[in-house]
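Just so it is clear, the structure is predicted and the values come from calculations on it, not from any experiment. Read the numbers this way: they start at 1 and go in the same order the structure lists the ligands and their atoms.
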Amino acid sequence: MANAVIILGAGLGTRMNSDLPKVLHPIAGAPMLVHAMQAAMVLDPARRLVVAGYEAAQVEKAALAHDPDVTVVVQAEQLGTGHAVAQAQAALADFVGDALVLYGDTPFIRPDTLEAMMEARQTHDIVVLGFEVEDPARYGRLILTDGQLDRIVEYKDATEAERAVTLCNSGVIAADAATLFDLVAAIGNDNAAGEYYLTDIIAIARARGLTATVVECAEAETLGINSRFELAQAEALFQNGARMTALDDGVTLIAPETVYFAYDTVIGRDAVIEPNVVFGPGVTVESGATIRAFSHLEGCHVSRGAIVGPYARLRPGAELAENTRVGNFVEVKNAVIAEGAKVNHLSYIGDADIGPRSNIGAGTITCNYDGVSKHHTTIGADVFIGSNTMLVAPVSVGDAAMTASGSVITRDVPAGDLAVARARQDNKTGFAVRLFDKLRAQKAKGQ
Ligand code: UD1
Ligand code: MG
């Protein structure tokens, strides 16, 4: 049967104290909304909806950037979670199947938890995801009788006896879509908050003779983020998980607590990651590559046997082939470095192709920007670029060519040639001795 997912993200998130909508605050380089959207993908949902409200245009842009097929509906006024779900009804008018409601500020639901909920849907009309917690604080409480979920009571509306219940509502709910919208239409707002509570659908469903049950998960999975402190906690939780996953996958992390991953970092078995490495979004590192200490990588690919760093910066579009070397204080952007090529020291390689086995000397710069446009540098195979060469793009250097150290290369260098583009050296015999004498004499006279 087809599934639809509805992600609620209309809230302002007052406690974040931010102009950015809460669901767009990033965890591991991706908005928390994207984490929630990604979590739902295990159900292979045919229809995916996000309910936006506060700064809806920004939320829509971020949602579409991650998933161009997502439908964003706007909840103009935030009248409660039940009202938010109702906003999705029109967009799902033609949909037949199950709907799963998730929160955009609850990014860590595990795939197998959602699968367990869909499994429970086989035998119950409504499935709610709950969790046991020692101090349930202000969460909604799940009230059960004989294993059947009877109702959910919000903290504000709960009696002392109900507040003593430690089984809490995560907010995640699954039901047949048509049933869900029927129930939501029957919700009122006669409660302590004056809101349309989605949680009220349980009591309404039970009164109509429908069944409801609870699937339980760990509290950490349902961690809701409401403040900067909770955001930082969520980041730490994500990073710890990512480090454990990398170690389990056979990656060596010498000091795991100093390595930061993005939500989508992929690292192969037997890769070695030294201390203090930061992965931004879009990085893949193949088996057996080494990322040395204090390197920063983003939007790049590092192949087998490559060694990066220490202190290297790989920016979007950096493609390192097998057995390449990118050393200290080297920045690479939108450039392909072919097999066995080396850029070992103090260089900027941007908008370039470097052929196999070529060696780029220390201090080489591809001058890719003229103040208006970017231009490309092409370097062939087995080239030797002398130290401190400026390659003023667009420019190309043919196979097995050389540039003399300190050259400013403004014209193409044919294959096999040596390009020398610097002032010729002139040694003035004995001049240094005479100049030193003169300078010292001036100093002695106090001049
Ligand atoms: C909700 C649940 C509570 C549960 C808790 C878990 C209700 C009534 N209560 O409470 O039982 O224990 O989550 O964290 O559902 N949202 C909208 N539009 C609105 C209101 C909310 O889109 O009009 C979105 C928010 O952006 C957020 C989510 O729904 O992503 C949850 O809203 P929030 O106000 O945080 O609900 P809680 O009071 O935490
Ligand atoms: Mg909340």
Return the residue, atom name and 0.1 Å-rounded distance of the protein heavy atom closest to [atom].
atom: atom 1 (C) of ligand 1; value: Y103 OH, 3.4 Å
atom: atom 18 (N) of ligand 1; value: Q75 OE1, 2.7 Å
atom: atom 20 (C) of ligand 1; value: G80 C, 3.7 Å
atom: atom 10 (O) of ligand 1; value: E154 OE1, 4.1 Å

Side chains of residues 25-46: which donor-acceptor partners sit under 3.5 Å, not counting sequence neighbours?
residue: H25; atom: NE2; partner: S18; partner atom: OG; Å: 3.0
residue: H35; atom: NE2; partner: I27; partner atom: O; Å: 2.7
residue: Q38; atom: OE1; partner: H66; partner atom: NE2; Å: 2.9

Report yes if [X] has an N/O atom closer than 3.5 Å to an N/O atom of ligand 1; otherwise report no.
X: I152; answer: no
X: G140; answer: yes
X: K22; answer: no

Geometric cation-pi criterion R141 and Y155, 6.0 Å radius, 45° cone: no
Check ion pair D98-R121 (N to O, under 4.0 angstrom): yes
Salt bridge R208-D125, side-chain N to carboxylate O under 4.0 Å: no
Ligand 1-proximal atoms of N169, by part, heavy-atom distance under 4.0 Å: both
Which segment of S170 sits under 4.0 Å of ligand 1 when only heavy atoms are counted: backbone
Modelled atom types, side-chain donor and acceptor of N276 and Y260, under 3.5 Å: no
F131 and Y139 aromatic ring geometry - parallel, tilted or perpendicular at 30°/60° bounds: perpendicular
Winner among V23, I201, V101, T81 once heavy atoms are compared against atom 32 (O) of ligand 1: T81
Side chain to side chain, V326 and L314, heavy atoms closer than 4.5 Å: yes
Within-shell test, G11 vs ligand 1, heavy atom, strictly < 4.0 Å: yes
